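Below is one structure, written out as structure tokens; the observations come after it.
Computed from a predicted structure; not experimentally measured.
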Amino acid sequence: MRDTFLKACRGIKTDYTPVWFMRQAGRYMPEYQKIRQKYDFLTMCKTPEISVEITMQPIRILNVDAAILFSDILIPLEAMGLKIDFIDNIGPKVTPSVKTGDHLGYLKNFELEKIEFVFKTIKILIKELDVPLIGFSASPFTLATYVIEGGSSKDFVDTKRFMFSEPEFFHNLMETLTEATFIYLNEQIKAGVHAIQIFDTWAGILSPFDYEIFCKPYVKKIIENLKRNVPIIYFCPNLAGLAKHINDLISDVISLDWRINLREATKLISDKVIQGNLDPLTLLGSEEELFKRAELILRDGRFAKSHIFNLGHGVNINTSVERLKKLVDFIHEFKFEGEV
Ligand code: CP3
């Protein structure tokens with residue numbers, strides 16, 4: 001197996017900077033669209049043969065250094081008795097939504113059997129792949145936003161209303177989601193994933209004070225209790241005020257978005273491997289501007305304990321596959337001065 005990605009996760013400097021992309025499988029890719037025309041997204045997630053095929057497409061086509069399981073952060077909610085739908089041009093929908101302490105009963109005991117397809121997919125993938133497989137979940141807080149809002153949100157009014165009016169019940173919700181996420185990730189590790197990424201997509205909507213109270217303790221608990229034979233990546237976009245708060249999170253890797261300078265980030269977060277942090281929309285511009293920014297990131301990455309190249313968020317649907325492929329080649333072939 002090509003292990004450059006895993007070496008970097010463990011803090012070992014590598015011959016070249018490994019690269020993979022969040023949302024590397026998806027609608028920007030004609031090969032994905034071809035299958036997507038026949039099936040809805042949830043069916044694709046729930047059918048191991050399809051999920052395996054889609055996970056492998058970017059490995060074959062882009063030559064990235066790691067695969068990420070094709071699934072969604074909302075899938076485990078189905079094992080907790082909630083219904084999830086993905087509506088075209090609108091996004092995900094979760095029913096019923098949990099808006100107050102009175103609704104906590106909507107969440108049932110986590111039943112792994114209901115999402116057996118995830119573990120079946122992982123078991124097939126680790127036999128087929130020649131690169132490491134990344135499993136994932138949302139952080140309990142990020143998952144809570146979908147459970148409370150009933151889908152995506154811009155302002156998170158219901159989440160914050162719940163949090164600030166019934167903090168005790170909010171903590172109860174977080175406990176439930178933390179336990180479920182822990183079981184879910186542990187089962188992915190048992191099935192064979194080589195690394196885990198925890199998506200904390202919405203942690204950045206919190207003040208540092210509230211991050212410490214409502215978000216971080218739960219992520220920390222999960223990381224501390226997982227069987228630590230695989231590296232753990234924590235993705236936290238919009239982390240401006242949170243940077244120094246994540247130093248004591250014991251994740252091996254921290255994944256950053258483009259809103260923070262990578263070199264600055266290595267000063268704030270010195271004990272972790274850094275992943276990131278190209279603005280995904282640079283891929284829509286000229287090649288010259290793209291490579292200029294990619295080079296800056298590669299160079300800044302040398303100041304980190306180790307560096308994994310990634311985007312600051314998912315691949316945009318308008319991205320050209322050719323352009324992305326060129327970016328991978330550019331990263332793999334990049335020569336740092338003074339090194340052969
Ligand atoms: O990265 C990968 O290639 C692996 C698969 C993956 C998907 N979603 C596939 C997907 C992963 C890791 C996710 C995580 C995810 N899902 C997050 C966290 C990452 C982030 O973006 O911050 C979030 C917030 C979700 C929730 C979600 N799923 C939304 C809001 C949407 C709708 C938006 C959209 O682009 O349509 C989805 C749908 C989704 N998840 C698609 C894919 C490929 C599009 C489905 C389709 O084909 O219509």
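Using a cutoff of 4.0 Å between basic side-chain nitrogens and carboxylate oxygens, Glu322 and Lys326 are not scored as salt-bridged. At a threshold of 4.0 Å, the pair Arg2-Asp65 counts as salt-bridged, since one of the basic side-chain nitrogens sits closer than that to a carboxylate oxygen. Under the 4.0 Å criterion applied to side-chain N and carboxylate O atoms, Asp88 and Arg36 are assigned as salt-bridge partners. A salt bridge does not link Arg60 to Glu31: none of the charged nitrogens lies less than 4.0 Å from a carboxylate oxygen. Electrostatic pairing of Glu53 and Lys34 does not count as a salt bridge here, judged by no charged N lying under 4.0 Å from a carboxylate O. Using a cut-off of 4.0 Å between Lys/Arg side-chain N and Asp/Glu carboxylate O, Lys292 and Glu289 are scored as salt-bridged.
At a threshold of 4.5 Å between non-hydrogen side-chain atoms, the residues Phe214 and Met174 do not count as touching. Contact annotation: the side chain of His313 never approaches that of Asp257 to less than 4.5 Å [non-hydrogen atoms, C-beta and beyond]. Ile246 has its side chain within reach of Tyr234: a pair of non-hydrogen atoms, C-beta onward, lies under 4.5 Å apart. Residues Thr201 and Asn238 form no side-chain contact, since every pair of their non-hydrogen atoms from C-beta on lies 4.5 Å or further apart. Residues Asn316 and Leu283 fail the side-chain proximity criterion, which asks for heavy atoms closer than 4.5 Å. Between Asn63 and His332, some side-chain heavy-atom pair lies under the 4.5 Å cut-off.
Using a distance-only test at 3.5 Å, with no hydrogens or angles considered, a donor-acceptor pair links the side chain of Asn277 to the main chain of Ile260. Judged purely by atom type and a 3.5 angstrom limit, Ser320 uses its side chain to pair as donor or acceptor with the backbone of Arg323. Lys7 contributes no side-chain N or O that, together with a main-chain N or O of Asp15, makes up a donor-acceptor pair within less than 3.5 Å. With hydrogens and angles disregarded, no donor-acceptor distance shorter than 3.5 Å links the side chain of Asn310 to the backbone of Gly276. In this structure, Ser71 contributes its side chain and Cys45 its backbone to no donor-acceptor pair below 3.5 Å. Remark: the backbone N or O of Glu149 is not paired with any side-chain donor or acceptor of Asp158 at under 3.5 angstrom. In this structure, the side chain of Lys83 does not engage the main chain of Pro96 through any donor-acceptor pair within 3.5 Å. Side-chain atoms of Ser139 do not come within 3.5 Å of backbone N or O of Val219 as any donor-acceptor pair. Remark: the backbone N or O of Ile205 is paired with a side-chain donor or acceptor of Lys160 at under 3.5 angstrom. Under a 3.5 Å cut-off, the side chain of Asn186 and the backbone N or O of Phe182 do not form any donor-acceptor pair.
Leu284 and Val328 are not part of a single hydrophobic cluster, where members link through side-chain heavy atoms under 4.5 Å apart. With hydrophobic clusters built from ILVMFWY side chains whose heavy atoms lie under 4.5 angstrom apart, Leu324 does not share a cluster with Trp258. Leu296 and Leu281 sit in two unconnected hydrophobic clusters of ILVMFWY residues. Membership requires side-chain heavy atoms under 4.5 Å apart, directly or through other members. Under the 4.5 Å side-chain heavy-atom criterion for Ile, Leu, Val, Met, Phe, Trp and Tyr, Ile297 and Phe303 are members of distinct hydrophobic clusters. Both Leu239 and Ile213 are part of a single hydrophobic cluster, where members link through side-chain heavy atoms under 4.5 Å apart.
The aromatic ring centres of Phe141 and Tyr218 sit 6.0 Å or more apart. In this structure, Phe156 has its ring center at least 6.0 angstrom away from the ring center of Phe162.
Rounding to the nearest 0.5 Å places CD of Glu175 at 10.0 Å from CG of Leu173. Expressed to the nearest 0.5 Å, how far CG of Leu82 lies from CG of Leu74 amounts to 10.0 Å. For the atom pair CD1 (Ile233) and CH2 (Trp20), the distance works out to 5.5 Å, reported to the nearest 0.5 Å. With rounding to the nearest 0.5 Å, the separation of CD1 in Ile189 from OH in Tyr184 is 12.0 Å. Once rounded to the nearest 0.5 Å, the distance linking OG of Ser51 with NZ of Lys46 reads 12.5 Å. How far CG of Asn225 is from CD of Glu179: 11.0 Å, rounded to the nearest 0.5 Å.
Leu256 approaches Ala265 most closely through the heavy-atom pair CD1-CB, 3.4 Å. Nearest heavy atom pair, residue Asp252 against residue Cys9, reads CB-O, 3.8 Å. Taking both residues in full, the closest heavy atoms of Ile61 and Lys325 are given as O-CD, 2.9 Å, listed atom of the first, atom of the second, then distance. When all heavy atoms of Arg10 and Pro231 are compared, the closest pair comes out as NH2-CD, 4.1 Å. Of all heavy-atom pairs between Pro58 and Val64, the closest is O-CG2, 3.7 Å. Leu177 and Pro140 make their closest contact through CD1-O, 3.7 Å (heavy atoms, listed as atom of the first residue, atom of the second, distance).
Between Tyr32 and Phe70, the ring-plane angle classifies as perpendicular under the 30° and 60° cut-offs.
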Test side chain to side chain contact (heavy atoms under 4.5 Å, CB included) on Thr159 and Trp202 and set out the steps. CA-CA 11 Å; Thr159 303; Trp202 301 119; over 6 Å; no
Would you sort out whether Phe136 and Leu69 count as a side chain to side chain contact (heavy atoms under 4.5 Å, CB included), showing the intermediate values? CA-CA 8 Å; Phe136 68 87; Leu69 173 73; 4.3 Å; yes
Lys221 vs Glu224, salt bridge (Lys or Arg N to Asp or Glu O under 4.0 Å): CA-CA, chis, key distance, verdict: CA-CA 5 Å; Lys221 192 169 168 190; Glu224 281 169 359; over 6 Å; no
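Chaining together hydrophobic side chains whose heavy atoms lie under 4.5 Å apart places Ile87 alongside Ile90.
Residues Asp279 and Thr282 bring no donor and acceptor atom of their side chains to less than 3.5 Å of each other.
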Only distances under 3.5 Å count here; give the side-chain donor-acceptor pairs of residues 115-134 to other protein atoms, sequence neighbours excluded, each with its distance to 0.1 Å.
unit_1	atom_1	unit_2	atom_2	d
Thr121	OG1	Phe117	O	2.7

Going by atom type alone, with no hydrogens or angles, which donor-acceptor pairs under 3.5 Å involve a side-chain atom of residues 101-109 and a protein atom two or more places apart or on another chain?
unit_1	atom_1	unit_2	atom_2	d
His103	ND1	Lys99	N	3.0
Lys108	NZ	Gly105	O	2.9

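Counting heavy-atom neighbours within 6.0 Å of Lys13 NZ, excluding the residue itself, gives a total above 12.
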